[in-house]
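Notes to accompany the following structure.
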Amino acid sequence: MTVRVRYAPSPTGDPHLGNIRTALFDWLLARHYGGQFILRIEDTDRARYVESGVQAQMEALRWLGLDWDEGPDKGGPHAPYVQSERLPLYKEHADRLLAEGKAYLCYCSPERLDEVRKRQQAQKLPPKYDRLCRELTAEQRRAAQAQGTAPVVRFQTPLLGETVAQDALRGAVTFQNETLDDFVLLKSDGFPTYHLASIVDDHLMEITHVLRGEEWLSSLPRHVLLYRAFGWKPPVFAHLSTILGPDRAKLSKRHGAHAALEYRRQGYLPDAVVNFLGLLGWSLDDHTEIIDRETLIGHFDLDRVLPNPAVFNADKLDWMNGMYIRRLPPEELATQVRPFLEAAIGRAVDPAALSRIVPLVQERIKLLSEIVGMADFFFTEGPLDYEAATLLGKKFAGEPRQAAEGLEKVLSAVQTLEPWQREPLEAAIRPLAEQMGVKAGDLFGVVRVAVTGRTATPPLFETMEVLGREKAVERLRAALDRLHSVTS
RNA sequence: GGCGCAUUCGUCUAGUGGCCCAGGACGCCGCCCUCUCAAGGCGGAGAUCACGGGUUCGAAUCCCGUAUGCGCCA
């Protein structure tokens, strides 16, 4: 039997990291067993439907490299893969249960349901449908129909006994049937509820493993009951734990941007996000943290998935992203980083220039977007923006003349230096510090700010080499001018 | 309120009766390297395994209860 797994999002907006982790586990399981990964859109809740939702879901999956074998855009043996296009199927199955006496039509108005609920709450009883329509006589039914009320279809839940359901992560979970009510299968507008639609589709699409959020665990007995009523074999169910924010509440907008695509915008690498999410509730062993896709696929299985909720550790994701950035071939990093830089400086960047810069910043950024703060000065035209105090630093704060003297020495040592390369630059500048009786690092600090406008940069001489003589000299002069205006 | 699930360093986790007075990782701190910032190396602090009872020669690991958190139903 081949493993068939589905990711079945509701297109209610951008997918969250929580959703994406479910999709990842789905995908890993399918790939591990050489089975199929199916994308199905559950859009029967028309009130919450968002037009761009389907595209956003697919975009996020594509970004992360989670390719699907069957889906709305690809078709497949069980098309269509969008629930709103499968309405006749749900109707047909609801009718079948109706005909077999396992479901019934309910004519209760929303107003009456509301009243019942209020009464139960007042008596501190668990609110549930009072089954008024379960035992209607043919005559009563005719009367209700004559009134023109559109009925809903309700499932006839056993009144007594218990339903034992298996969860792959937790084992047997037992529910008393009397706590369940006669839930709705088909709404009065002809749309199915989640319960009916997902069970019918999972069966028809031959899904073998259902991975979904823990919030569905309490619906499990209903689904098991439905499978039984249809005479179908249920799939393996695994309810994945919730991902929590730092305050231990379920991850949500309140915790900031956790839409998957937002991570792309911020400069996270798909491989890093996949690795990180793969380790949220699953582990390979007691020490491996950096795991590539192939290894993930090779080892992933449900038996090492944990049932307990996990707090999202943003620091660790950042660290991991840095690890992946450092492992990238420099040319690859250059192309990844280019759009971020171009967006920031507002013009195209010469790939050749960028490829000389990238090796200098590769181990200094954790996010692709950090290229901007680390390298934009290479592209700045005209005067740099910094304070004279920054230029002087702690060392020369009271000695602007000495700093100016240093810069003058550097300028004249460097102006006609040949070749304009890292080593000659260092050989020319380092001895000047000794001449002046200051530490090399202190002199370098002034030069660094003069040439880059920043106190934290890649190594100075490499930076100057890449920057080029023209800009470096121009900036040294500008720094001198600035110091002269302070000292005079 | 009812039902269900969960509970190991701040966080992610290893651990399925003796190897654990609990291992790894992120973060934090210190040292080394060093022209700044990183990266890297080394070291450190940090968990009476939620609590209380059992079972057992022996429990983080099994059982019961309590607490707390979360989810679902409204």
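Just so it is clear, the values below take in all heavy atoms, side chains as well, and ignore hydrogens, waters and symmetry mates. Just so it is clear, the structure is predicted and the values come from calculations on it, not from any experiment. Below, read A as the first sequence line, B as the second, and so on, with proteins coming before strands; counting in each chain starts at 1.
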Taking [M] as the reference, what is the distance to [N] when you measure between their [atom1] atoms (whole Å, please)?
N	M	atom1	value
rG23(B)	rC64(B)	P	30 Å
rU61(B)	rG2(B)	C1'	32 Å
rU48(B)	rC21(B)	C1'	9 Å
rA14(B)	rC70(B)	P	23 Å
rC3(B)	rC19(B)	C1'	42 Å
rG69(B)	rC29(B)	C1'	31 Å
rG46(B)	rG4(B)	C1'	34 Å
rC51(B)	rU8(B)	C1'	14 Å

Using a heavy-atom cut-off of 4.0 Å across all strands, would you classify [X] as base, sugar-phosphate, or nothing?
X	value
S241(A)	nothing
G213(A)	nothing
L306(A)	sugar-phosphate
F175(A)	sugar-phosphate

Could you tell me the separation between the CG atom of L432(A) and the CG atom of L411(A), rounded to the nearest 0.5 Å?
-> 11.0 Å

May I have all residue pairs that pass salt bridge (Lys or Arg N to Asp or Glu O under 4.0 Å) and include part of [range], sequence neighbours excluded?
range	result
residues 271-293 of chain A	D271(A)-R293(A), E289(A)-K316(A)
residues 320-339 of chain A	R338(A)-E342(A)
residues 355-365 of chain A	R356(A)-E465(A)

Please name the nucleotide paired to [N] by Watson-Crick or G-U wobble geometry with both distances under 3.5 Å, or report none.
N	value
rU61(B)	none
rG30(B)	rC42(B)
rA25(B)	rU11(B)
rG69(B)	rC5(B)
rC20(B)	none

Charged N to carboxylate O under 4.0 angstrom, E115(A) versus K118(A)?
-> no

Is the closest basic N to carboxylate O distance between R477(A) and D481(A) below 4.0 Å?
-> no

Interatomic distance, [X] [atom1] vs [N] [atom2] [rounded to whole Å]:
X	N	atom1	atom2	value
I243(A)	rA6(B)	CD1	C1'	15 Å
N177(A)	rG4(B)	CG	P	12 Å
I290(A)	rC12(B)	CD1	P	18 Å
Q120(A)	rG1(B)	CD	C1'	12 Å
I291(A)	rA14(B)	CD1	P	12 Å
E162(A)	rG2(B)	CD	P	20 Å
R222(A)	rC3(B)	CZ	C1'	10 Å
W216(A)	rA6(B)	CH2	P	20 Å

Looking only at rA6(B), rC70(B), rU11(B), the nucleotide nearest the V311(A) side chain is rU11(B)

Closest of rC70(B), rG15(B), rU8(B) to the R304(A) side chain is rG15(B)

Can you list, pair by pair, the side-chain donor-acceptor contacts under 3.5 Å of residues 214-229 of chain A, counting residues two or more places apart and other chains?
unit_1: R222(A); atom_1: NH1; unit_2: S218(A); atom_2: O; d: 3.3
unit_1: H223(A); atom_1: ND1; unit_2: R212(A); atom_2: NH2; d: 2.8
unit_1: H223(A); atom_1: NE2; unit_2: H195(A); atom_2: ND1; d: 2.8

Kindly give the heavy-atom pair with the smallest separation between P309(A) and L244(A), and that separation in Å.
-> CB-CD1, 3.8 Å

At under 4.0 Å between heavy atoms, which parts of nucleotides 24-46 of chain B does protein reach? Answer with one letter per nucleotide, 5' to 3': B base, S sugar-phosphate only, - none.
-> BBBS-------BBBBSS------

Treat primed atoms plus P, OP1 and OP2 as sugar-phosphate and everything else as base, then score nucleotides 59-69 of chain B 5' to 3': B for base contact with protein heavy atoms under 4.0 Å, S for sugar-phosphate contact only, - for none.
-> -----------

Tell me the ring-ring contact (aromatic ring centres under 6.0 Å, His included) pairs involving residues 284-318 of chain A, sequence neighbours left out?
-> F25(A)-F300(A), H258(A)-F312(A), F276(A)-F312(A), W282(A)-F300(A)

Hey, what are the protein-to-nucleotides 20-22 of chain B N/O distances that come in under 3.5 Å?
none

Apply side-chain hydrogen bond (donor to acceptor under 3.5 Å, both in side chains) to S109(A) and list each qualifying residue two or more places apart in sequence or on a separate chain.
-> E111(A)

Output all residues satisfying side-chain hydrogen bond (donor to acceptor under 3.5 Å, both in side chains) with E426(A), sequence neighbours left out; order by chain, then residue number.
-> R430(A)

Ring centres of Y90(A) and F191(A) under 6.0 Å apart?
-> no

When the nearest nucleotide of RNA chain B is assigned to E215(A) and to D285(A) on a heavy-atom basis, which residue is associated with the more 5' position?
-> D285(A)

Which residue, K128(A) or L280(A), contacts RNA chain B at a nucleotide closer to its 5' end, judged by nearest heavy atom?
-> L280(A)

Compile the donor-acceptor pairs under 3.5 Å between side chains in residues 150-158 of chain A and protein atoms, sequence neighbours left out, one pair per line.
unit_1: R154(A); atom_1: NH1; unit_2: D182(A); atom_2: O; d: 2.7
unit_1: T157(A); atom_1: OG1; unit_2: D181(A); atom_2: O; d: 2.9
unit_1: T157(A); atom_1: OG1; unit_2: D182(A); atom_2: OD1; d: 3.4

Side-chain N or O of S283(A) closer than 4.0 Å to phosphate OP1/OP2 of rA14(B) | yes

Partner residues of E418(A) under the salt bridge (charged side-chain N to carboxylate O under 4.0 Å, His left out) criterion, sequence neighbours left out | R469(A)

